[in-house]
Structure formats: C-alpha cells, structure tokens
Undergrad: 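Dumping the structure here so I can ask a few things about it.
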Amino acid sequence: MSLSFKDRIAFNYMIATALVIAVVFASVFFIVRATVLNNVDNDLTKEASRHLMEIQVVKGRVQFADEEEWEELEHHEISVNPMFIQVMDTKGNIVDHSPNLNGQKLDFDPSIPTRKHFTVGVNGRNLREVRLPIIRKDKIYGYLIAAVSLGPSLMVIDKLRNVLLISYPIILFGLFFVSRYLAGRSIVPVSTIRDTTDRITRYNLNERIPLPSNQDELHGLSTSINELLQRIEDAMQRERQFTSDASHELRTPLSVLRGTLEVLIRKPRTHEEYEAKVKESLAEIDRLTETMEQLLSLARSEDSLKLSQQINLSDAVQSILVLQAKEAKKKGIQTQFTNELKQEVKVPQENIQLIVGNLVGNAIKYSEPNTTVSISVRTENGRPIFEVKDEGIGIKEEDLKNIFNPFFRSGTMEHRHIAGNGLGLAIAQRAANAMHADITVSSKLGKGSTFTLILNS
Ligand code: ADP
C-alpha cells in the first residue's frame with residue numbers, strides 16, 4: 001500500500017497516539033474498577049463487623065442477641081442495595097440468615113480465607129462476599145457471611161468500559177483526519193518547490209522558488225535549491241560566453257586568412273609578394289592551430305589529467321626551461337633557476353608541463369627585453385612551491401581576479417603587439433585543480449608579476 005506523504009505523517013501520528021490513548025484508557029478503567037470494588041469491600045466489612053457485634057454465643061451455639069429487633073430492622077430498613085447476612089456454625093450449618101435472602105443460601109467455601117473479599121455468581125447475579133469468624137475467648141464458634149449485590153457497581157464499570165471502547169476509534173479517526181489536514185498544510189511549500197522545479201528548464205533558469213515565510217527546514221531547502229539554480233545559471237552563462245569567445249577566436253584568423261587570399265588573387269603579383277602573403281597566411285594558420293590545441297586541452301576532463309605519469313618537479317621545470325630558452329634568448333631575457341628542494345617531489349607530468357610551460361612562457365612574453373625571469377622550487381610550511389617572477393609589464397590590480405578566466409586578456413590595447421588568446425592561464429588553473437594545487441598571483445603594473453604554484457605535500 002503506497003500512502004501519500006501527508007497520509008503517512010497522519011498515519012504514524014495516529015499509531016503513536018493510539019498507543020498512548022490505549023494506555024491512558026486502560027489505566028483509567030482499571031483504576032476506577034479497583035476504586036469501586038474497594039468501596040464495596042469497605043462497606044461490606046463495615047456492615048459485617050456491625051452485625052458481628054449483635055451475635056452472642058450461648059452454650060456453645062451462636063445466635064442473635066436480639067433476634068426480634070434484628071428481624072424487624074431488616075424488614076423496615078429500606079436499602080437501595082441491600083446487604084445479605086448468613087450466620088453458620090463451624091460445621092457449615094446455617095444458624096440464621098437475613099430475611100431478604102428469601103430462602104437462598106450464601107456460598108460457604110472453607111478454602112477461601114476469612115476476611116478475604118471475593119465475587120460469586122448466585123442465580124445469574126454477581127455477589128461480593130466476605131466471611132468473618134465469630135470468636136469468643138480465642139475460640140471460633142461460627143461464621144458470619146455478608147454479601148452485597150455487585151449489580152450497580154458493575155453497571156458503572158460496564159458503562160465506563162463501553163464509553164471508552166466507543167470513544168477510542170472515534171478519537172483515532174478524528175485525529176487521523178485532523179493530522180492529515182495539518183500535515184497537508186505544512187507540506188504546501190514542498191508542493192511549491194516541486195511545481196517550480198518542474199517548470200524550470202534551460203530557457204527559464206532565472207526562475208526561483210518563493211521562500212516560505214517561516215525560517216524552518218523547508219525555508220533552508222528552498223534557499224539551497226535557489227543557490228543551486230544560481231550556480232547552474234552562472235555555469236550556463238559562462239558556457240555561453242566561452243562558446244561565443246571560442247568561435248570569435250577561431251573566426252578571426254580565418255577572416256584574416258580569407259582577406260589575405262582575396263587580396264592575393266585580385267591581380268597578378270610578384271614572387272616576393274606571393275611569398276610574403278603565404279608566410280602571413282601560414283602564421284595565421286599556426287595561430288589557429290595553437291588556439292584549437294589550447295581549446296582541446298581546456299576541454300579535456302580533469303579526470304584524464306589525473307592519470308598522467310609522475311615526474312620529479314625540478315626535472316620537469318628544467319626541461320621546460322630548455323624548451324623556452326630560444327624564446328628568452330631572442331628577447332635578451334636571462335632565466336635564473338634556483339632549486340632549494342631537499343628531496344624529490346613527484347608531480348603528474350602532463351599537468352606540470354601545462355602549468356610551468358604557460359607560466360614561464362607568459363613571464364618571457366610579458367617581460368621587457370634584457371630583464372631577468374627568476375624561477376624557483378622550494379618548500380614553504382611543508383608544501384612544495386614552484387614560483388616564476390618577472391620584471392615585465394605587470395597586471396592592473398582590477399584585472400587580477402579575471403586573468404584565469406578563458407579568453408580574458410589584460411591591457412590588450414596597450415600591448416597590442418603581444419600575441420595571445422587568453423587561454424593559457426585557464427589551462428594552467430585547470431591542470432592545477434586536477435592535482436589539487438593552487439595558483440596565486442601578485443603583480444604591480446609596470447614593475448612585474450609573480451605566479452606561484454602551491455602543491456599539496
Ligand atoms: P595570453 O597570454 O595568451 O593572453 P593567458 O591566459 O596566458 O593568455 O594570460 C591571460 C592574461 O594575463 C594575459 O593576456 C595577460 O594580460 C596577463 N598575464 C599573464 N601572465 C602575465 C605576466 N607574466 N605578466 C603580465 N601579464 C600577464
């Protein structure tokens with residue numbers, strides 16, 4: 001049986017309450033019953049003791065002291081619930097009994113101890129009985145049996161039982177419907193959350209769940225979902241921006257190429273002119289190829305980067321420096337490498353090549369000619385560090401937070417002659433993330449920049 005959420009809440013609540021009410025009702029019933037019987041027993045003992053005083057023992061036989069008066073009293077006393085009295089000798093023979101017994105006998109069961117109250121059925125009626133011994137000078141001469149009908153008391157107890165039994169299911173049913181209604185009201189925000197999330201598609205990601213007025217768990221859930229939607233919307237926005245930047249970046253060299261070729265076929269040219277235009281076109285093709293490769297590298301999943309082979313950090317840095325030496329030499333830039341590591345630090349080869357290649361490449365690219373680029377590896381607070389410091393053009397403070405975004409370039413107007421597409425640092429950052437490392441930057445415009453890769457020990 002599959003119950004709705006609100007029915008389940010109501011049902012569970014009803015079960016718990018049913019148990020509590022059952023215990024309370026049972027306690028009430030048994031306490032009332034015990035109290036009523038106790039009252040009957042007290043009255044019975046009191047009456048029996050009173051009659052016991054009216055009995056005397058004459059020559060070993062028990063008899064009423066003033067039989068006539070007793071009988072008269074019995075006849076004239078009007079009682080709602082009359083008491084029955086029977087006097088017996090020790091052998092169990094009836095000596096006397098109250099006239100209201102009308103020839104019936106009260107049970108004499110010697111196995112039941114004297115002064116103990118018990119219930120017996122006589123002619124379909126329930127009687128409460130007690131047997132008191134008639135003792136004179138420490139000798140038992142007989143017994144006085146007193147009994148009273150339990151009818152009225154049992155009627156009260158039965159009525160109470162019926163009321164409890166009938167009200168029990170009625171209370172539970174009422175409780176079920178009330179708690180179902182209340183549960184339904186308290187989960188209204190859940191339905192609102194479901195309706196809103198059902199409505200949201202990639203085209204209306206800006207929609208948000210209305211927050212419930214109470215600052216409760218559902219308010220927290222709605223807030224979390226809204227924050228998640230915000231993150232998804234931001235990611236989609238970044239994706240759109242990336243696609244538009246990427247297509248722009250690919251279209252530009254293609255347009256340049258097309259322009260060059262169109263100019264070339266417009267009229268016959270000299271061999272030198274052809275050679276110059278073809279070289280220009282080849283340079284654009286190189287630019288296009290590099291951008292494509294960088295885009296592919298950015299599109300590679302972090303997981304595939306994680307599988308790369310391990311290599312020693314200082315060896316990796318040195319081999320990249322060898323590759324970049326030609327470019328540095330062309331600009332008259334001196335590269336200084338300091339290795340302060342006391343022991344080997346293993347790093348994933350592909351990641352470190354992407355990071356070091358981009359950071360050192362940028363330091364050379366954005367440095368003024370005849371300056372120095374200092375590269376070092378060391379440990380700080382137990383964490384291995386790779387650092388590149390240049391004396392180049394530096395980065396504007398307000399641009400520092402954006403330089404790791406794909407296609408972002410700082411000061412493009414001022415440094416038009418420096419080629420680039422703004423993908424290198426984004427690739428380096430992604431490679432660092434894949435190895436759980438951080439890249440930080442500090443820079444002063446016109447003075448130089450320092451990029452630091454902080455590895456996890
Ligand atoms: P690209 O160099 O191809 O433009 P990057 O992602 O490598 O792309 O760098 C992004 C931007 O950060 C660069 O355009 C440049 O403005 C700035 N930048 C990066 N490294 C340096 C550096 N060492 N000195 C000055 N600016 C830098």
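Any value given below was found using the heavy atoms of this structure, including those in side chains, with hydrogens, waters and symmetry copies removed. We count ligands from 1, going down the list as the structure has it; atoms in each ligand are counted the same way. Counting begins at 1 with the first residue of the sequence.
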Undergrad: Partners of F84 by ring-ring contact (aromatic ring centres under 6.0 Å, His included), sequence neighbours excluded?
TA: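 ring-ring contact (aromatic ring centres under 6.0 Å, His included) check on F84 returns nothing, list empty.
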Undergrad: Do R128 and T119 pair up side chain to side chain, a donor and an acceptor below 3.5 Å, judged on atom types alone?
TA: yes
Undergrad: Return the residue, atom name and 0.1 Å-rounded distance of the protein heavy atom closest to atom 3 (O) of ligand 1.
TA: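 Here the closest protein heavy atom is N421 N, 3.0 Å.
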Undergrad: Donor-acceptor pair, S297 side chain versus E293 backbone, under 3.5 Å?
TA: no
Undergrad: Heavy-atom contacts under 4.0 Å between K365 and ligand 1: side chain, backbone, both, or neither?
TA: side chain
Undergrad: Got the closest protein heavy atom to atom 21 (C) of ligand 1, with its distance?
TA: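 Heavy-atom neighbour on the protein nearest atom 21 (C) of ligand 1: Y366 CD1, 3.5 Å.
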Undergrad: So for ligand 1, is G424 a polar contact partner (N or O within less than 3.5 Å, distance only)?
TA: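 For ligand 1, there is an N or O atom that lies under 3.5 Å from one belonging to G424.
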Undergrad: Is the cationic atom of R131 (NZ for Lys, CZ for Arg) positioned less than 6.0 Å from the six-membered ring centroid of Y143 and within 45 degrees of its normal?
TA: yes
Undergrad: Within the 4.0 Å heavy-atom shell around L423, which atoms of ligand 1 are there?
TA: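 Heavy-atom distances to L423 below 4.0 Å select 6 (O), 8 (O).
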Undergrad: In the protein, which heavy atom is nearest to atom 16 (O) of ligand 1, and how far is it?
TA: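 Among all protein heavy atoms, the one nearest atom 16 (O) of ligand 1 is S410 N, 3.0 Å.
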Undergrad: Please classify the L425 to ligand 1 contact at 4.0 Å (heavy-atom distances, strictly less than): side chain, backbone, both or neither.
TA: both
Undergrad: Starting from atom 11 (C) of ligand 1, locate the nearest protein heavy atom and write down its residue, its atom name and how far away it is, to 0.1 Å.
TA: F408 O, 3.7 Å
Undergrad: Any heavy atom of G422 closer to ligand 1 than 4.0 angstrom?
TA: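 Contact present.
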Undergrad: Would you say G392 touches ligand 1, if touching means a heavy atom closer than 4.0 Å?
TA: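 Distance cut 4.0 Å: G392 fails for ligand 1.
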Undergrad: Just need the protein heavy atom nearest to atom 23 (N) of ligand 1, so name the residue and atom and give the distance.
TA: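 Protein heavy atom at minimum distance: D390 OD2, 2.9 Å.
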Undergrad: Just by distance, with hydrogens left out, do N421 and Q294 show a side-chain donor and acceptor under 3.5 Å apart?
TA: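 On atom types as modelled, these side chains qualify, holding a pair under 3.5 Å.
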Undergrad: Of all the non-hydrogen atoms in the protein, which one sits nearest to atom 26 (N) of ligand 1, and at what distance?
TA: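 It is I395 CG1, 3.2 Å.
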Undergrad: Considering only heavy atoms, does F404 approach ligand 1 within less than 4.0 Å through its side chain, its backbone, both, or neither?
TA: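 It is neither part, as no heavy atom is under 4.0 Å.
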Undergrad: Report the C-alpha distance between V373 and K389 in whole Å, list the side-chain angles of each, state the deciding distance to 0.1 Å, and finish with yes or no for side chain to side chain contact (heavy atoms under 4.5 Å, CB included).
TA: CA-CA 6 Å; V373 170; K389 191 173 173 187; over 6 Å; no
Undergrad: Check each heavy atom of S449 against ligand 1 and say whether those closer than 4.0 Å belong to the side chain, the backbone, both or neither.
TA: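 Side chain only; the backbone of S449 stays clear of ligand 1.
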Undergrad: With side chain to side chain donor-acceptor pair (under 3.5 Å) as the criterion, how do R199 and N204 come out once you've worked through the C-alpha distance, each side chain's angles and the decisive distance to 0.1 Å?
TA: CA-CA 8 Å; R199 239 188 355 257; N204 60 343; over 6 Å; no
Undergrad: If hydrogens are left out, which of N358, I403, N362, L359 has an atom nearest to atom 7 (O) of ligand 1, that is, the closest non-hydrogen atom?
TA: N362
Undergrad: Suppose we measure from atom 4 (O) of ligand 1 to each protein heavy atom; which comes out shortest, and what is that distance?
TA: R409 NE, 2.6 Å
Undergrad: Mind telling me whether F407 and F242 have parallel, tilted or perpendicular rings, with 30° and 60° as the class edges?
TA: tilted
Undergrad: Do the side chain of Q324 and the main chain of G357 share a donor and acceptor less than 3.5 angstrom apart?
TA: yes
Undergrad: How long is the span from the CZ atom in R33 to the CG atom in D158, to the nearest 0.5 Å?
TA: 10.0 Å
